[in-house]
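Written out below as structure tokens is the structure these notes cover.
Heads up: numbering here begins at 1 and tracks the sequence. As the structure is a prediction and not an experimental result, all values here were calculated from the model.
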Amino acid sequence: MSACFYCENGDKLKSLMIEVCQLKYSIVYLNRDQKHKGRVIVAFKGHKEEYFQFTPEENQGYFAELALVAKAIFVAFEPQKINYATFGDLVPHAHMHVVPKYKDGLQWGRPFNDGVDKVFLDDAEYDSIIGILNNEIKKLLG
């Protein structure tokens, strides 16, 4: 098996995403492709490839954090729906894509990765989204 780029936390990971924050069970990353404003990845801390490998505590904690991050996105960016996707054929590390979708917006009613050009932002725009997400996550954590 090849090395896991989530665990390595190197250039490949940083070329695709930016760390937003670390929670107890997960690390939240902002996807550099922001065609869906607020799209993040919630990656499990530590290396597990399948959700069924989680202990009961890890399962409860990870999915509670996933829900918290989704709620933060929902409050911050007001999408009509949040889509969730797990891939792992090429990146076998437990992680979830959290993708806000907007009615009458890009890819509404379709998968979020179907051939649409990527949208990259400047550093200030990434920083702004990260700040907004961190603020909402902190409010939800109390």
[Y] and [X], any side-chain heavy atoms less than 4.5 Å apart:
X	Y	answer
L16	N31	no
F77	H36	no
P100	F74	no
L23	L141	yes

(message) Could you work out, with side chain to side chain donor-acceptor pair (under 3.5 Å) as the rule, every residue matching K35, not counting sequence neighbours?
(response)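 With sequence neighbours excluded, K35 shows a side chain to side chain donor-acceptor pair (under 3.5 Å) to D33, given in chain and number order.
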Got a second to check how far [X]'s [atom1] is from [Y]'s [atom2], nearest 0.5 Å?
X	Y	atom1	atom2	answer
I130	N135	CD1	CG	13.5 Å
L68	I137	CG	CD1	6.5 Å
E65	K24	CD	NZ	8.5 Å
I27	L13	CD1	CG	8.5 Å
D123	I18	CG	CD1	7.0 Å
K37	E125	NZ	CD	8.5 Å

Do the side chain of [X] and the main chain of [Y] share a donor and acceptor less than 3.5 angstrom apart?
X	Y	result
N59	F52	no
Y62	V42	yes
E78	V75	no
Q34	L121	no

Applying the 4.5 Å side-chain criterion to the ILVMFWY set and letting contacts propagate, would [X] and [Y] be lumped into a single cluster?
X	Y	result
V20	V98	yes
F63	Y29	no
M96	V99	no
V40	M17	no
L30	L106	no

(message) I'd like to know whether CG of D122 has more than 12 heavy-atom contacts from other residues, nucleotides or ligands below 6.0 angstrom.
(response)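 Count over threshold, so yes.
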(request) Please say whether more than 12 non-hydrogen atoms of neighbouring residues, nucleotides or ligands are located less than 6.0 Å from CD in Q53. (result)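 Yes, CD of Q53 has more than 12 neighbouring heavy atoms, counting only those of other groups under 6.0 Å.
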(message) So which atom in N134 and which in C21 form the shortest heavy-atom distance, rounded to 0.1 Å?
(response)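 Result for this residue pair: OD1-CB, 3.3 Å.
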(message) Suppose the criterion is salt bridge (Lys or Arg N to Asp or Glu O under 4.0 Å): which pairs have a residue in residues 129-139, not counting sequence neighbours?
(response)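 Listed by first then second residue: E136-K139.
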(message) Strictly by salt bridge (Lys or Arg N to Asp or Glu O under 4.0 Å), give each pair with a member in residues 12-21 just once, sequence neighbours left out.
(response)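 Of all non-adjacent pairs touching residues 12-21, none passes salt bridge (Lys or Arg N to Asp or Glu O under 4.0 Å).
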(message) Is a donor from one side chain sitting under 3.5 angstrom from an acceptor on the other, for Y25 and E57?
(response)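 Judged by distance alone, the side chains do pair up.
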Listed pairs under 3.5 Å, donor-acceptor, residues 80-95 side chains, sequence neighbours left out:
| residue | atom | partner | partner atom | Å |
| --- | --- | --- | --- | --- |
| Q80 | OE1 | K103 | N | 2.8 |
| N83 | OD1 | K101 | NZ | 3.4 |
| T86 | OG1 | Y51 | OH | 2.9 |
| H93 | ND1 | H47 | ND1 | 3.2 |
| H93 | NE2 | F44 | O | 2.8 |
| H93 | NE2 | G46 | O | 3.3 |
| H95 | ND1 | H93 | O | 2.5 |

(message) Can you see whether Y126 has R32 sitting over its ring - NZ or CZ less than 6.0 Å from the centre and within 45° of the normal?
(response)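 Yes, cation above the ring, under 6.0 Å and within 45°.
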(request) Just jot down the salt bridge (Lys or Arg N to Asp or Glu O under 4.0 Å) partners of K71, sequence neighbours excluded, or say none. (result)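 Checked K71 against salt bridge (Lys or Arg N to Asp or Glu O under 4.0 Å); zero matches.
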(request) For E58, enumerate each residue passing the salt bridge (Lys or Arg N to Asp or Glu O under 4.0 Å) test, keeping only those at least two apart in sequence or located in another chain. (result)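 Residues passing salt bridge (Lys or Arg N to Asp or Glu O under 4.0 Å) with E58: K48.
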